[in-house]
Amino acid sequence: MKKHNFSAGPSILPQEVFEKTASAVLDFNGMGLSILEISHRSAAFLSVIEQARALTLELAGLNHDYEVLLLHGGASTQFLSVAYNLLNKKAAYINTGTWSDKAIKEAQAFGEVVVVASSKADGYRYIPKTFSVPKDADYLHITTNNTIYGTQYQTIPDTQVPLVADMSSDIFSRTLDYSKFSLIYAGAQKNLGASGVAMVIVKKDILGKVHRHIPSILDYQNQIKNESMFNTPATFAVYVNLLTLQWIKEQGGLQGMETKNQAKKTLLYTEVDRNPLIKGYAQKEDRSWMNVVFNLTDENMTSLFDDLCKQANISGIKGHRSIGGYRASIYNAMPIESVKVLVEVMQEFERKA
Ligand code: PLP
């Protein structure tokens, strides 16, 4: 029996994606070959990667001022690629968690990094709202959803400088004006498919302005020229990415995702706030729709809560090792039925404690 998978990533994928993937692993498009064994230069695979890139732009509502890249190395490689390609002298960063902090550390090797706001002193429980970005900064970098602490930007800040975002854990989960961003990146393993590929959406006019040598594989302009095929792409992960994007479109696109995600997060946070034995981690106005982070008010009750989760077939709910507690990741593919099961477990926990 399939579990209710609340894992933070790699995480739950839509059932339809599994079924199509399984079939393509055995025989892709009736070719008599597996998706795992066809050349990245074959017409069949070129069609896969082209469709994935086009559908990404379509879902984001962006035009051809932007390019989509599907690259190796996860979001973590983008921490340095962004700086390599965009940071001439100075860049501004907002520190809202471990992943922002890692991005900041990578960028420091390339120039002056101004951390214009940080919620670190308060355990990253909120999203800073007031900050001032130096006019001469090459870009402002934000992390739209903070996977570990369960905070998320509810509104995207306005800036005079190009806006760069790590959207690894909330990409395509809601409607947004994507044209506010000059560059977006995301590891695929939460809302975009399987691990092994990172998606980058970049506005072409911000490129070509730095004066350093950029290693070919990290050079966005080189990757654009080579259509993400400077070397062998992660063909399997790109295929799963395409299936996941198609599924999002079938669900009504980003508006469809937003409606479903709103219902799920409302259901879960309502119980977190009602239940006297459970306490949410993040400040209410900044709560993530994707990662619901909470603690038990009495840690001695941990084994009872864990047992109830296990009996209900719930998996992957343990908090990140750095802050402990619990984290229920309710990404796009998570059905509301599984969220209902977790809410029932929380209620049973209250009755039995
Ligand atoms: N950024 C965010 C917001 C994340 O949640 C993660 C991983 O969970 C990363 C970056 C790192 O991603 P990767 O493992 O693809 O390098």
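Just follow the structure's listing: the first ligand is 1, and inside any ligand the first atom is 1. FYI, side chains are in, hydrogens and waters are out, and symmetry mates aren't considered; it's all heavy atoms of this structure. No experiment lies behind these values; they were computed from the predicted model shown. Residue numbers count from 1 along this sequence.
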Aromatic ring centroids of Tyr220 and Tyr84 under 6.0 Å?
-> no
For ligand 1, note which part of Gln189 has a heavy atom under 4.0 Å away: side chain, backbone, both or neither.
-> side chain
Presence of salt bridge, Arg274 and Glu271, under 4.0 angstrom = yes
Nearest non-hydrogen protein atom, atom 6 (C) of ligand 1 = Trp99 CE2, 3.4 Å
In the protein, which heavy atom is nearest to atom 12 (O) of ligand 1, and how far is it?
-> Ala75 CB, 3.5 Å
With atoms numbered from 1 as shown, which atoms in ligand 1 lie under 4.0 angstrom from a non-hydrogen atom of Lys190?
-> 5 (O), 7 (C), 8 (O)
Counting only heavy atoms, which portion of Tyr185 has something under 4.0 Å from ligand 1: side chain, backbone, both, or neither?
-> neither
Considering only non-hydrogen protein atoms, determine which one is nearest to atom 10 (C) of ligand 1 and report residue, atom name and distance to 0.1 Å.
-> Asp166 OD2, 3.4 Å
Any salt bridge between Asp136 and Lys90, counting N to O under 4.0 Å?
-> yes
Ligand-side contact atoms (ligand 1) for residue partner Phe79, heavy atom cut-off under 4.0 Å | 10 (C)
Do the ring centers of Tyr93 and His141 come within less than 6.0 Å of each other?
-> yes
Contact check, Asn145 vs ligand 1, heavy-atom distance below 4.0 Å | yes
Close aromatic pair by centroid cut-off 6.0 Å: Phe294 and Tyr281 | no
A student comparing Thr147, Val197, Thr96, Ile171 should find that the heavy atom closest to atom 3 (C) of ligand 1 comes from Thr147
Centroid-to-centroid, Phe181 to Tyr139, below 6.0 Å?
-> no
Which atoms of ligand 1 are found less than 4.0 Å from any heavy atom of Gly74?
-> 15 (O), 16 (O)
Within the 6.0 Å centroid threshold, strictly below: Tyr239 and Phe28 | yes
Below 4.0 angstrom, N of the basic side chain to O of the carboxylate: do Lys20 and Glu16 qualify?
-> no
Atoms in ligand 1 flagged as close to Ser168, the criterion being non-hydrogen separation under 4.0 Å | 1 (N), 2 (C), 3 (C), 4 (C), 10 (C)
Note the single closest protein heavy atom to atom 16 (O) of ligand 1, along with its residue, its atom name and the distance in Å.
-> Ser76 OG, 2.5 Å
